[in-house]
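One structure below.
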Amino acid sequence: MKYHFNEIEAKWQKYWAENQTFKAENYSDKPKYYVLDMFPYPSGAGLHVGHPLGYIASDIYARYKRHKGFNVLHPQGYDSFGLPAEQYAIQTGQHPAITTAENIKTYRRQLDQIGFSFDWSREVRTSDPSYYKWTQWIFIQLFNSWYNNNSDKAENISELIKIFEAEGNTNVNAECDDDVEVFTADEWNNYSSEKQQEILLKYRLTYLAETEVNWCPALGTVLANDEIVNGVSERGGHPVIKKKMTQWSMRISAYAERLLQGLETIDWTDSLKESQRNWIGKSVGASVTFNVKDYDAKIDVFTTRPDTIFGVSFMTLAPEHELVSKITTPEQKAEVDAYIKATAKRSERDRMADVKTISGVFTGAYAEHPFTKEPIPIWIGDYVLAGYGTGAVMSVPCGDQRDYDFAKHFNIPIPNIFEGVDISEEAFADKDNTVITNSDFLNGLKYKKAVKTAIYELEKLGQGEGKTNYRLRDAVFSRQRYWGEPFPVYYVNGMPQMIDAKHLPIELPEVEKYLPTETGEPPLGNATVWAWCTETNSVVDNDKIDNITVFPLELNTMPGWAGSSQYFNRYMDPQNDEEIFSQEAINYWQQVDLYIGGSEHATGHLLYSRFWQKFMFDLGLVPYDEFAKKLINQGMILGTSAFVYRWSSNAFEEPIFLSKSVYDKVILEEKPLGHSDKFSNIFKSLTPKQTMEGGEAFFVEDSETTEKNFTPIHADVSFINASDELDVEAFKNWREEYKNAKFIYEDDSTFKVKRDVEKMSKSKYNVVNPDQICIDYGADSLRLYEMFLGPLEQYKPWNTAGITGVHSFLKKLWKLYNDDNGLKVTDAAPTKDNLKTLHKTIKKVEEDIENFSFNTSVSTFMIACNELTVQKCTSKQILEPLLVLISPYAPHIAEELWNQLGHNKSISTADFPKFDESHLVESTKNYPISFNGKMRFTMELSLDLNKEEIEAAVLANEKTKEQLQGREPKKVIVVPGKIVNIVG
RNA sequence: GCUGAAGUGGUGGAAUUGGUAGACACGUUGGACUUAAAAUCCAAUGGCCAUUAUGGCCGUGCGGGUUCAAGUCCCGCCUUCAGUACCA
């Protein structure tokens, strides 16, 4: 019987689906284990071989845990809202829901053919109203919450209102907007309803506010900070500008400290935690208030170096700082205005690009030093960022390089306040070796003490206090797009109102066009049925808007990360229509035990999800304030591109391609191509583009052999075989223009390509589709090979050629169980060698899986299979447990052979084999005998021997004497069971 | 610049606490089978030198160090990749 992998795989995939083999129950006597993949965006291009890498790893782990007696939750779903479907809709008019559904179908087919053990009964799609109902629900909860710094958690807004009614806001210690005014209980109670709502918005965890946003004109939407990479949009690379807009924001900054501290409690990769720490950007220092001279204004700054307060020689405001227009003197006004105009024009990217250029303008105004009362000139400069701290800095040129450069550039004095430090060349930023001088009461103090003293003195003056600052900004939550969750929000007199949760979901309305309206409103502005009737509690025709009972609905939609910030909990109880999940379900599954996904989500999805989880924890909805106990980043699989060299001569009609070593030679020897006798036949057969006398001379002249005369061109990797040879005919037929191309071959008449590793992408023609791999080699081969490529976390190139290794392993494995006459497994008792092979395999595979070292397991299987083949093992007692070991990796072949062995239940229900040390106990050891640390020969010795006996045996050996050549060994190191080293 | 990860044959990679470097594969070469090819099987395969077998020297990015013994530990560099970037 042969190994017909296509039949076997189809058979078992069908079996698993029909029998719901991997359906997880929300109760069990078994311990629970939750394995989750970051869920995919179903793109139109489908999967390439890089995508399933993490899914295969998590699937192996999930299957392994089932064998180990766990009740495993291993769900999958789709992050199905998103830009590409919308862009496609704009171009074609096709409703994004339709394209999305089609793409999901493709994804599902591709995932199914790889044989994953997902519990598909729990599938969720973020674009499904029954799912986004709960996304909207969480939004309402956030709206109805504020962050109490005293209890250090989110609380219901009604508690805050009670406080306002009883005592105003003077004693409220909340995370809120900076510009909240102070009011008494009486004042509060006399405020109009609008005024009260306005104030409450400044406290809510999701709030509507005029904020400076990252506007991307090309995409027609705002972007969150994590959606901008190097000053351009992550998707599409479009420029981004700053713009003031009224937008929903999430008060994630309230959770900055807890998000930071929480990192200590979770088993995530260090690099990922470090990214989050940087993103949160905690810095400890002080806020200092400077009075502006001759003007009733104050400038607040944040500094990490209050100890250097006497080194301040100027102040710098961001050009966008609100005080700039107020304090600028008439004489300086023209210059200041021009500067502000110039900086506003520059995109974020430009500003980042030239960090070197120093620019700034004096405002004409002066601040007053809090201690010396000396005047300090106030400048503006774009090296101060409006979005960080207060948008103003106290500039201490002697202690900060940027301030130093700025001062040098504009000839501002640089007072030195550091004892024994030369600052003539650069600023001195070293805290540890700081001793302060020229600083009044700070003289002679070291950094730590000076900081404390400075803060103490500032507090006494009422002009400062210790403060901790975070780089983490509140996250903008509105997008001017169609294909996202609608907000459950309508507007009364311009104030946002939440729709009662019992009327959710608010479904996306139909629109004619997916573009913004002519008046610049988001696409939902095109909807004609998009108003909220407070009497019928339903979405009604826009014509009915009377602002008495029928009101306009919010036109923005939620961002991509809304739907992905809680899905891991929803999987626990995905069909529940009454609650986001039942308490039974969440208390049973608790949190994700293992989360596998890409590191690109470090500061987006993975931070927002932690934020929402902490919020839900505050509400008492979830038992843990971290959603994923352990997280592993899988590396990326790269493509191995193939290049052919095209001679860029325009002398001939036909393109000319050079095989790799021909090219190498031509470049190395700099021999004109046309001159070579070897190729003269080829050149004679070419059609010259223009007839000219002495055509031969033409190409000789034209064929300089520098690299620039040859263009490397991507050839589709499907034309390349394992030996890097090009299928020339396939290549010729690939493109019309190559039909008559000429090829200069290797000496052995093959045509070889150059290979290079690049990111897998359509445009590089190095994308490998898993469908074809499954057809040619089977899903089990694909799964094994993806693991065999190398460590999970590493970036590694794909090369289809190597898959024959794992494929022939599976064939060998099959032959261990079957020959031409069918099953050959017997009840024969296992030999000692058989048992040894089995048990060392059990040990290694178990250790490997626990350490997520899946690549080494595959080698271990190969070794076991080779050994058992040599041993001619047919013993069921060996071959049966071996199948269970392999089944997480290659589940189809394992199921088939398991079935052949007479089992009628899925192998996934089998127990993992128990490792028995006794089979590995050896009586002898082949000792490596080293001389001065270099291994010279080996010696078989009994393990019963003690140190002295081993030494004696080794020294008595002929070869030892030969090595020593009469020298007396100075020292003999014997490590029993390991090694012998002779020094001498 | 800062932070993180990594550098081992022609290639992917292995080497669990310092203890036989290169497991397992791919590729290559040679051979068997075949009319031929594919498939399969066998052998060799880090480099250099020697060859009559036994061998010898070098070798884990570079330079030092610790140690009986270093891919592994320590110090100083170089390179690559990723993230981040005027964060006061």
Side-chain angles (χ1 to χ4, degrees), chain A residues 229-231 269-275 277-279 281-283 285 301-305 308 316 351-352 354-358 381-385 387-396 399-403 405-406 469-471 599-600 602-603 633 635-636 638 640 722-724 755 757 784-785 788-791 793-806 808-809 811-812 815 844 847-848 851 853 855-863 866 926-938 959 962 969-975 977-984:
Chain A
V229 176
N230 294 328
T269 61
D270 286 336
S271 66
L272 200 146
K273 288 196 206 178
E274 196 58 29
S275 292
R277 277 188 205 109
N278 290 339
W279 196 258
K282 180 180 184 175
S283 43
V301 301
F302 172 74
T303 176
T304 54
R305 298 293 304 270
T308 63
T316 317
R351 232 165 118 165
M352 269 162 45
D354 63 24
V355 184
K356 300 275 177 296
T357 319
I358 295 162
D382 68 0
Y383 81 95
V384 177
L385 305 176
Y388 183 76
T390 60
V393 301
M394 58 175 229
S395 302
V396 183
D400 181 289
Q401 194 57 43
R402 286 153 311 163
D403 294 343
D405 295 339
F406 194 89
N469 205 41
Y470 299 90
R471 192 181 85 108
S599 54
E600 67 272 19
T603 51
N633 289 128
M636 200 187 285
L638 306 166
T640 312
S723 312
D724 292 345
R755 312 226 66 171
V757 173
L784 282 173
Y785 189 50
F788 188 62
L789 280 179
E793 315 80 12
Q794 213 162 292
Y795 279 56
K796 47 206 175 271
W798 176 272
N799 195 346
T800 306
I803 202 171
T804 54
V806 292
S808 54
F809 154 70
K811 285 199 261 189
K812 274 187 223 162
K815 280 191 194 160
K844 178 84 173 113
E847 282 169 1
D848 283 348
N851 292 320
S853 172
N855 54 325
T856 49
S857 291
V858 182
S859 312
T860 305
F861 293 138
M862 290 173 172
I863 293 166
N866 290 343
N926 196 21
Y927 278 95
I929 312 301
S930 307
F931 292 82
N932 299 319
K934 281 183 183 135
M935 206 279 287
R936 293 302 176 192
F937 59 90
T938 59
K959 289 179 183 169
E962 216 173 282
K970 287 198 193 99
K971 201 174 175 185
V972 180
I973 313 274
V974 178
V975 185
K978 283 243 158 112
I979 198 170
V980 177
N981 189 18
I982 299 165
V983 186

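Order of the sequence lines sets the chain letters (A, B, ...), proteins ahead of strands, with each chain counted from 1.
- A straight line from NZ of A:K978 to P of B:C68 spans 18 Å, rounded to a whole angstrom.
- In this structure, CD1 of A:I803 is placed 16 Å from C1' of B:C24, rounded to the nearest angstrom.
- Relative ring orientation between A:Y383 and A:F406 is described as tilted, the plane-to-plane angle lying within the 30° to 60° band.
- If you take CD of A:E274 and P of B:U84, they are 13 Å apart, rounded to a whole angstrom.
- When each of B:G19, B:U40, B:A23 is scored by its nearest atom to the side-chain atoms of A:S859, the top-ranked nucleotide is B:A23.
- Side-chain N/O atoms of A:S395 and A:T316 include a donor and acceptor closer than 3.5 Å.
- Taking a pair as Watson-Crick or G-U wobble with both distances under 3.5 Å, the runs of three or more consecutive pairs in RNA chain B are B:1-7 with B:78-84, B:10-12 with B:24-26, B:27-32 with B:40-45, B:46-49 with B:55-58, B:61-65 with B:73-77.
- Rounding to whole angstrom units, NZ of residue A:K844 and P of B:A23 are separated by 15 Å.
- For the OP1/OP2 pair of B:A14 and a distance below 4.0 Å, the side-chain nitrogens and oxygens of A:N855 include at least one atom meeting the criterion.
- Counting non-hydrogen atoms under 4.0 angstrom, A:S930 reaches nothing in the nucleic acid.
- For the pair A:V396 and A:R305, the minimum side-chain heavy-atom distance is 4.5 Å or more.
- Between A:R277 and A:E274, at least one side-chain N (NZ, or NE/NH1/NH2) sits under 4.0 Å from a carboxylate O, which counts as a salt bridge.
- Spacing between B:C24 and B:C73 at atom P, rounded to whole Å, works out to 26 Å.
- In terms of phosphate contacts, A:R471 brings a side-chain nitrogen or oxygen within less than 4.0 Å of OP1 or OP2 of B:A85.
- B:A21 and B:G59 are spaced 10 Å apart, taking the C1' atom of each and rounding to whole Å.
- A tilted orientation is assigned to the rings of A:F931 and A:F937, their planes being inclined by 30° to 60°.
- Distance noted for atom P between B:A25 and B:A6: 27 Å (whole Å).
- Using a 4.0 Å heavy-atom cutoff across all strands shown, A:K796 reaches sugar-phosphate atoms only and no base atom.
- Within 4.0 Å (heavy atoms only), A:N981 reaches at least one base atom of the nucleic acid.
- Atom P of nucleotide B:C41 and atom CG of A:N866 are separated by 10 Å, given to the nearest angstrom.
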Please encode protein proximity along nucleotides 5-11 of chain B as a string of B, S and -, counting only heavy-atom distances under 4.0 Å.
-------

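- For the residue pair A:S853/A:T856, the side-chain donor-acceptor check at 3.5 Å is satisfied.
- Ranking B:C87, B:A15, B:G19 by closeness to the A:T856 side chain, first place goes to B:A15.
- For B:G71 and B:G61, the C1' atoms lie 12 Å apart once the distance is rounded to whole Å.
- A donor atom on one side chain and an acceptor atom on the other are found under 3.5 Å apart for A:D848 and A:S857.
- With P as the reference atom, B:A15 and B:G65 are 30 Å apart, rounded to whole Å.
- Looking at heavy-atom distances under 4.0 Å, A:F809 makes no contact with the nucleic acid at all.
- Between A:Y388 and B:A88 there is a side-chain N or O to OP1 or OP2 distance below 4.0 Å.
- No hydrogens or angles considered: a donor-acceptor pair under 3.5 Å links the side chains of A:T269 and A:N633.
- Within 4.0 Å of A:N926, counting heavy atoms only, lies at least one base atom of the nucleic acid.
- Between the C1' atom of B:A15 and the CG atom of A:D848 lies a distance of 13 Å, rounded to the nearest Å.
- Between A:I929 and A:T938 the shortest side-chain heavy-atom distance does not fall below 4.5 Å.
- Among the heavy atoms of the strands lying under 4.0 Å from A:K812 are primed sugar atoms or P, OP1, OP2 only; no base atom is included.
- Using modelled atom types and a 3.5 Å distance limit, the side chains of A:N851 and A:E847 yield no donor-acceptor pair.
- A donor-acceptor pair is defined here as one N or O able to donate and one able to accept, closer than 3.5 Å; no such pair exists between the side chain of A:Y470 and the backbone of A:S283.
- In this structure, A:T804 reaches the sugar-phosphate backbone alone: every heavy-atom distance under 4.0 Å involves primed, P, OP1 or OP2 atoms, never a base.
- Between A:M935 atom CE and B:A21 atom P there is a gap of 6 Å when expressed in whole angstrom units.
- The shortest distance between the side-chain N/O atoms of A:R277 and the OP1/OP2 oxygens of B:G4 is not below 4.0 Å.
- The listed nucleotides are B:C86, B:G12, B:C68; the one nearest the side chain of A:V983 is B:C68.
- With a glycosidic angle no more than 90° from 0, B:G9 adopts the syn conformation.
- For the P atoms, the distance from B:C74 to B:U80 is 24 Å, rounded to whole Å.
- Look at CD1 on A:I863: it is 9 Å from C1' on B:A14, rounded to the nearest Å.
- Residue-level contact check: A:K934 touches the backbone only, with heavy atoms under 4.0 Å from sugar-phosphate atoms and none from bases.
- Between the side chain of A:E847 and the base of B:U16, a donor-acceptor pair under 3.5 Å is found.
- Considering only the side chain of A:P928, B:U20 comes nearest among B:C26, B:U20, B:C87.
- Rounded to the nearest Å, the gap between the P atom of B:G31 and that of B:A82 is 45 Å.
- Taking the P atoms as reference points, B:C58 lies 22 Å from B:U8, given to the whole Å.
- Residue A:R936 places none of its side-chain N or O atoms closer than 4.0 Å to OP1 or OP2 of B:A69.
- Contact between the side-chain N/O atoms of A:S283 and the OP1/OP2 oxygens of B:A88 is found at a separation under 4.0 Å.
- Using a distance-only test at 3.5 Å, with no hydrogens or angles considered, no donor-acceptor pair links the side chain of A:R936 to the main chain of A:S930.
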